[in-house]
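Input: a single structure, listed below in structure tokens.
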Number of protein chains: 2
Amino acid sequence: MAMTIADIAKIAGVSRATVSGVLNNSPTVSVKTKDRVLAIIKKYDYRPNEIARALALNQTGLIGLIVKDISNPLYSEIALGVEDVCGQEGLSVIIGNSHKEWDREVAHINLLKRRRVDGLIIFPLQKGADVRHIADLKKEKYPFVLLAEIPGIEADLVRADDKVGAFQATEHLINLGRKRIGYITGPQSALASDRRLAGYRKALKKHDVIPNKEYVIRGGWRLKDGYQAGKEFLSCKMSCPDAVFCYNDSVAIGVMRAFVENGIRVPQDVAVVGFDDAGVGAYLETGLTTVAQPAMEIGRRSAIRLVELIRLKNNTQRPKKLFLQTKLQIRETCGANKKGSVSVQKQMNNS
Amino acid sequence: MAMTIADIAKIAGVSRATVSGVLNNSPTVSVKTKDRVLAIIKKYDYRPNEIARALALNQTGLIGLIVKDISNPLYSEIALGVEDVCGQEGLSVIIGNSHKEWDREVAHINLLKRRRVDGLIIFPLQKGADVRHIADLKKEKYPFVLLAEIPGIEADLVRADDKVGAFQATEHLINLGRKRIGYITGPQSALASDRRLAGYRKALKKHDVIPNKEYVIRGGWRLKDGYQAGKEFLSCKMSCPDAVFCYNDSVAIGVMRAFVENGIRVPQDVAVVGFDDAGVGAYLETGLTTVAQPAMEIGRRSAIRLVELIRLKNNTQRPKKLFLQTKLQIRETCGANKKGSVSVQKQMNNS
DNA sequence: ACAATACCTTAAATCGGTTCAAATTCATGG
DNA sequence: CCATGAATTTGAACCGATTTAAGGTATTGT
């Protein structure tokens with residue numbers, strides 16, 4: 001077995017309390033003793049048992065991060081941000097994937113509570129799901145930060161400002177002279193899609209573009225949803241849109257594929273804008289213009305906020321909601337010059 | 001504060017030992033008592049403190065996963081696989097990013113050891129780094145699995161069989177009738193690059209293609225490294241290769257960009273094959289043929305192996321090395337028909 | 001030389017579980 | 001009704017740290 005504090009104490013000829021004092025460099029222990037104990041700790045490569053420590057201190061130095069699927073670049077970048085901040089604070093991050101399944105989300109939260117993590121960052125399931133487990137967290141004053149709104153629950157939140165992002169994207173298309181601008185929605189459950197729709201509409205309104213209901217098509221989050229939507233645009237009677245704003249990048253790529261297959265050129269005939277900028281856009285031959293989510297920053301800020309909440313024991317503050325700015329990443333699919341895309345901002349760092 | 005086992009015991013009018021028995025459904029506790037205690041546990045929503053449990057049992061139910069950068073699709077998919085298996089086993093996964101920095105790798109491992117994680121899965125820094133911290137793990141018989149070899153350390157390992165993957169890719173190019181096949185290496189530190197080079201050479205040899213040293217170019221892991229390499233191919237005196245096998249997908253995309261900019265068509269003039277299949281390839285207009293790493297499976301198998309190691313306390317088995325098969329993912333960049341790529345195998349699930 | 005003070009160190013309780021030998025209760029048969 | 005053994009339950013030690021009141025030593029002032 002590993003050394004314990006008692007072993008060190010015995011070797012050093014002091015009490016466990018003194019060794020503990022050394023470890024947490026309490027000012028009461030004399031320099032002489034401290035040095036001696038420290039030397040012994042080093043010599044025997046003693047590593048305090050954080051589990052025992054956690055039990056005594058009633059805090060674990062662990063936080064839980066629950067996302068839908070860590071292999072999604074958006075979430076993995078958030079995770080990177082979270083881990084970055086937590087690492088600096090000496091916290092470790094436990095990751096759980098809900099796989100968009102309610103049971104798993106609940107199971108993860110329950111397990112993490114049993115593990116007494118100091119706090120949670122959760123990207124929750126949305127619309128329509130039973131959210132009592134989240135409501136419970138609030139009731140128990142368990143520190144947590146959400147990465148997406150849950151209707152009916154007021155809680156600390158960090159997310160991108162979708163509406164403004166969508167507004168900017170749409171406005172950009174309008175400024176480019178596009179008149180028939182479509183929007184392909186995300187899955188019904190995604191509140192973000194509604195917000196993006198709102199931003200899109202606001203931009204149309206501001207610039208007196210008459211909104212055409214036929215240009216708003218129900219989509220999804222996958223490439224094939226976009227492809228499908230593209231087909232729909234093509235097959236309907238009205239004239240095809242000359243610009244499409246999409247729920248996310250995958251959808252954008254799908255719709256482009258549908259267009260290109262039918263001889264419709266991007267960006268000449270139709271401009272396309274995606275959302276997220278989750279890794280792919282920069283790699284396309286015709287770089288994808290997209291609304292970049294500040295994913296890493298979302299991770300960082302949510303972690304920072306969580307740390308605050310953890311520090312503020314028994315806080316009575318009202319929940320804070322943080323909306324981070326998106327950034328319109330302009331590439332070729334809405335008419336940037338080719339040159340612009342060669343300078344890739346963020347490359348994937350493959351092993 | 002949360003309920004403790006003592007509270008439950010008092011309410012149920014039994015001893016803590018009995019409640020403990022109920023929790024771990026020991027056969028010695030009577031059904032009657034068990035039901036009664038269970039009802040109380042449920043009523044008061046009691047959640048046993050896993051920290052206290054970990055202290056008593058000397059096992060935490062935690063495992064550590066150290067990768068270079070979780071936002072890299074390859075690693076995040078590995079993480080997904082790890083979490084999947086661990087979830088089924090009731091283990092939680094702590095993630096640490098080393099950011100390719102030795103200090104961070106060491107710091108993470110040390111912290112995780114203090115946290116008494118039951119085991120570690122590590123994608124270590126390679127060539128040239130001080131690896132004493134890994135050697136120590138072995139000396140201490142701490143259960144761990146590596147995801148990349150470390151010269152001089154025999155340890156449990158799970159990785160893709162790069163050499164065979166590279167061999168297959170190269171052979172595929174040869175079978176396509178390509179004669180002047182190039183290879184763009186990865187960073188010097190990557191052992192995987194050497195293995196891929198070996199596989200490439202083996203394929204050339206088998207098919208009596210005379211290897212040309214000029215066709216092997218030093219690259220890297222980023223798009224711009226590939227772009228650079230592409231330029232080199234173009235500017236050198238020999239005739240340009242008619243096929244290029246690349247260290248990874250980013251490099252492949254970079255080299256393609258360099259070619260296309262100079263009017264060289266892919267795949268007509270030059271075929272390109274990447275490595276990893278880390279998310280991007282399927283999204284390109286001309287889908288990238290690539291050697292797909294079984295990333296999820298690497299995660300799963302390494303976790304399974306780690307669980308074995310944890311179970312086998314004091315094992316004396318020799319380390320097992322598992323080499324998982326790659327899969328040549330054929331898309332357009334080496335001449336597949338367009339149709340093939342539209343059916344995307346794995347889409348990104350953007351929120 | 002002695003009291004007062006400052007400075008260190010320690011013993012013992014505590015955190016919330018598990019474990020197991022010993023004690024208690026229960027059921028069975030003579 | 002009691003002995004016997006099986007079935008349950010329990011008390012107390014333990015896991016490895018922190019904490020704090022109390023005890024011990026050294027230092028200072030008079």
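Each chain gets a letter, A, B and so on, in the order its sequence line appears, and its residues count up from 1.
Remark: B:Glu89 engages B:Arg311 in a salt bridge, criterion side-chain N to carboxylate O under 4.0 Å. Between A:Glu149 and A:Arg159 there is a salt bridge, since a side-chain N of the basic residue sits under 4.0 Å from a carboxylate O of the acidic one. A salt bridge links B:Asp156 to B:Arg305: at least one charged side-chain nitrogen sits closer than 4.0 Å to a carboxylate oxygen. Looking at B:Arg47 and B:Asp45, a side-chain N of the basic residue comes within less than 4.0 Å of a carboxylate O on the acidic one, giving a salt bridge. We find that B:Glu154 and B:Lys321 are joined by a salt bridge, their nearest charged nitrogen and carboxylate oxygen being less than 4.0 Å apart.
Residue B:Ile134 is tested with B:Ile122, B:Val106, B:Leu120 for a side chain to side chain contact (heavy atoms under 4.5 Å, CB included); the sole match is B:Ile122.
For B:Asn49 and C:dG16, the CG to C1' distance is 6 Å, given to the nearest whole Å. Rounded to a whole Å, the CZ atom of A:Arg116 is 10 Å from the C1' atom of C:dG17. Distance CE (A:Met3) to C1' (D:dC15): 17 Å, rounded to an integer number of Å. The separation between B:Ile51 atom CD1 and D:dC15 atom P is 18 Å, rounded to whole Å. Atom C1' of nucleotide C:dG17 and atom CG of B:Leu55 are separated by 8 Å, given to the nearest angstrom. Remark: P of C:dG17 and CD of B:Gln59 are 16 Å apart, rounded to the nearest angstrom. In this structure, the CG atom of B:Asn58 is 11 Å from the P atom of D:dA17, given to the nearest Å. When rounded to the nearest whole Å, the span between CD1 of B:Ile5 and C1' of C:dT19 equals 12 Å.
You'll find the side chain of A:Gln317 reaches within 4.5 Å of the side chain of A:Leu312, heavy atoms only.
Shown for residues 30-43 of chain A: residues whose heavy atoms fall under 4.0 angstrom of DNA chain C, namely A:Ser30, A:Thr33. Residues from residues 7-28 of chain A lying near DNA chain C, meaning a heavy-atom separation below 4.0 Å, are A:Gly13, A:Val14, A:Ser15, A:Arg16, A:Ala17, A:Thr18, A:Thr28 in numerical order.
The phosphate of D:dG16 (OP1 or OP2) has no side-chain N or O of A:Tyr46 nearer than 4.0 angstrom.
For B:Glu140, the CD atom counts as densely surrounded, since its 6.0 Å shell holds more than 12 non-hydrogen atoms of other residues, nucleotides or ligands. With a 6.0 Å radius and a threshold of 12 heavy atoms from other residues, nucleotides or ligands, B:Lys10 has its NZ atom at or below the threshold.
Counting any heavy atom pair closer than 4.0 Å across all strands shown, B:Leu57 reaches sugar-phosphate atoms only and no base atom.
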